[in-house]
Number of protein chains: 2
Amino acid sequence: MQTSPDNDLTTAEPSVQASSHTTAAFSPLYQQIKGFILNSLHAGEWKPGESIPSEMELAARFKVSQGTVRKAIDELASENLLLRRQGKGTFVATHAEQQVQFRFLKLVPDSGTRGSEGPAQRDIIECRRSRATADVARALALRTGDTVLQARRVLSFGGSPIILEDIWLPAAPFKGLTADRLANYQGPMYALFETEFNVRMVRAEENIRAIPASDVHELLLKVKPGTPLLSVERVAYTYRDEPMELRRGCYRTETHHYHNTLG
Amino acid sequence: MQTSPDNDLTTAEPSVQASSHTTAAFSPLYQQIKGFILNSLHAGEWKPGESIPSEMELAARFKVSQGTVRKAIDELASENLLLRRQGKGTFVATHAEQQVQFRFLKLVPDSGTRGSEGPAQRDIIECRRSRATADVARALALRTGDTVLQARRVLSFGGSPIILEDIWLPAAPFKGLTADRLANYQGPMYALFETEFNVRMVRAEENIRAIPASDVHELLLKVKPGTPLLSVERVAYTYRDEPMELRRGCYRTETHHYHNTLG
DNA sequence: TAGTGGTCTAGACCACATA
DNA sequence: ATGTGGTCTAGACCACTAC
């Protein structure tokens, strides 16, 4: 069986495991189901916040048992791509929820919890289209000179400027995003990407160093030149491991620290 | 059924889910199995590197189906406490394996892979018994003044001193560990803890900041005072979430960086 | 050949949410 | 009352490892 006519989805259905010959191309059924679900997520068929079909329905659609679908969903849930809610259904994870609001921001105040300082203040310093330099292009899998959107902003907590961030986005996937829209948007930036451009950040890599503050930092973060700052370079990826954002942050760590858990 | 006489284990068997009344004390069978396995690991019944009983045997022992045991083991494997090897069995994870040698060290060279600079050199600067200060006691869940083992060492890569580490261990669980033994031991420190003291580090929390180098750093890391360094404070935990090690590291980040993955 | 973990199924019952 | 995900079972077959 390759495809079934009663399947209303436009994408190709995963072919059922061929147990007649044990070649190297073997892939477990549940992995194929998982790949199919990933495709649908990537295609935007099910949007962040929405529910996906029930396990029973997916099982019927793929002509496998509920347990096999369950195992595929289990893995996607453990990767934070899906969210299971007993009695309600399985939902596409989103950055818009309060819980996962700061899933990618590891800087926390030394005392108190996040948010105990009141709401963060965000000041856009700069926002424009530009050309990718060699290192920006490499991080975003572009070519040098390709158009990118660039933004610079300062995040303040408790009235003090703590974070200076430079952000680069590839222009193509964010077609229609104006500097103005970015500057005026209130709310999590990753939520904007989801709702307006169907770009969901699912994973990120960060490289961290200690660097001395420059004149720019003195101006924007109100620190003396030479003050040690945490330099955090982040590349965020979407469903298919496509790099979609480069972010370079400079964190003041006199009153905050970067918290990490090692499993 | 509470316990069965044919169970040869000394520890209490998990009581089977009481489905007759749905109280708040409900806990799934597989969670109880998981707890039992955790107990055995904590008690040192199965040692790091050894295999645990097969799924079938555990299922028979607990009088549950293989699938229920499998789910318990699945979770423990995903938490890196157990390691499954198809055809061979399930093994207690260990820090002695080459793969997971540096599971807790996130500092990597900017170019090349870890180890491309040749083997790390470790120089013990100091190693002695002392009394816990207030902050050390708090981190290790001790009382101020309790005896701790303290060590200071420098790690060099490619001939350059990169890391200065101060390590504190509670004296009680490491009874018999002499400063001499620590200083002369070759190999991963966490492997020594496992084999000699049945203390396995399964999890750690790190708090990171940027700090200026002091005179001590100038002496031991060969940097100018004021040079930004990465300050990494780590508390490592064993099976029952007991804090067992406090480690304060200062990393030079001119040629290395701290790498982190955000899920 | 035997034993291990890995996949898959079919069906039962439970807990939770909603109508 | 119905539908969802959560747990548990019993059994089949496959893939890998070791003897």
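Worth knowing before you read on, the calculation uses all heavy atoms, side chains too, and leaves out hydrogens, waters and symmetry mates. Order of the sequence lines fixes the chain letters, A, B, ..., with proteins taken first and strands second; residue numbering starts at 1 for each chain.
B:Arg240 and B:Asn39 share a donor-acceptor pair across their side chains, judged by distance under 3.5 Å alone. Checking B:Glu206 against A:His259 by side-chain atom types alone, no donor-acceptor pair falls below 3.5 Å. B:Tyr237 and B:Glu205 share no side-chain donor-acceptor pair at under 3.5 Å.
Using a 4.0 Å heavy-atom criterion, one finds that A:Arg85 contacts the sugar-phosphate atoms exclusively.
The side chain of A:Arg70 lies closest to D:dG6 when the candidates are D:dG6, C:dG6, C:dC8. For B:Glu55, the side-chain atoms get nearest to C:dG6 when compared with the rest of C:dG6, C:dT7, D:dT7. With C:dC8, D:dT7, D:dT9 as the candidates, the nucleotide lying closest to the side chain of B:Ser65 is D:dT9.
Between B:Leu29 atom CG and C:dA12 atom P there is a gap of 20 Å when expressed in whole angstrom units. Straight-line distance from the CE atom of B:Met56 to the C1' atom of D:dA10: 10 Å, rounded to whole Å. Atom P of nucleotide C:dG6 and atom CD of A:Glu75 are separated by 12 Å, given to the nearest angstrom. Here the P atom of nucleotide D:dC16 and the CZ atom of B:Arg84 are 16 Å apart, to the nearest Å. The OH-C1' distance, from B:Tyr30 to D:dG5, rounds to 12 Å in whole Å. In this structure, A:Leu58 atom CG and D:dG3 atom C1' are separated by 15 Å, rounded to whole Å. In this entry the distance linking CD of A:Gln66 with C1' of C:dC8 reads 13 Å, nearest Å. To the nearest angstrom, C1' of C:dC8 lies 14 Å from CG of A:Asp74.
With hydrogens and angles ignored, the 3.5 Å screen pairs a side-chain donor or acceptor of B:Glu194 with a backbone N or O of B:His95.
Nearer to the 5' terminus of DNA chain C, by closest-nucleotide assignment, is the contact made by B:Ile52 (compared with the other of A:Thr68 and B:Ile52).
We find that A:Arg181 and A:Glu196 are joined by a salt bridge, their nearest charged nitrogen and carboxylate oxygen being less than 4.0 Å apart.
Not a single salt bridge (charged side-chain N to carboxylate O under 4.0 Å, His left out) links A:Glu117 to another residue, sequence neighbours left out. In terms of the salt bridge (charged side-chain N to carboxylate O under 4.0 Å, His left out) criterion, residue partners of B:Arg70 (sequence neighbours excluded) are, by chain and number, B:Glu55.
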Polar atom pairs between nucleotides 17-19 of chain C and protein, under 3.5 Å, N or O only, would you list them?
{"residue": "C:dT18", "atom": "OP1", "partner": "A:Lys88", "partner atom": "NZ", "Å": "3.4"}

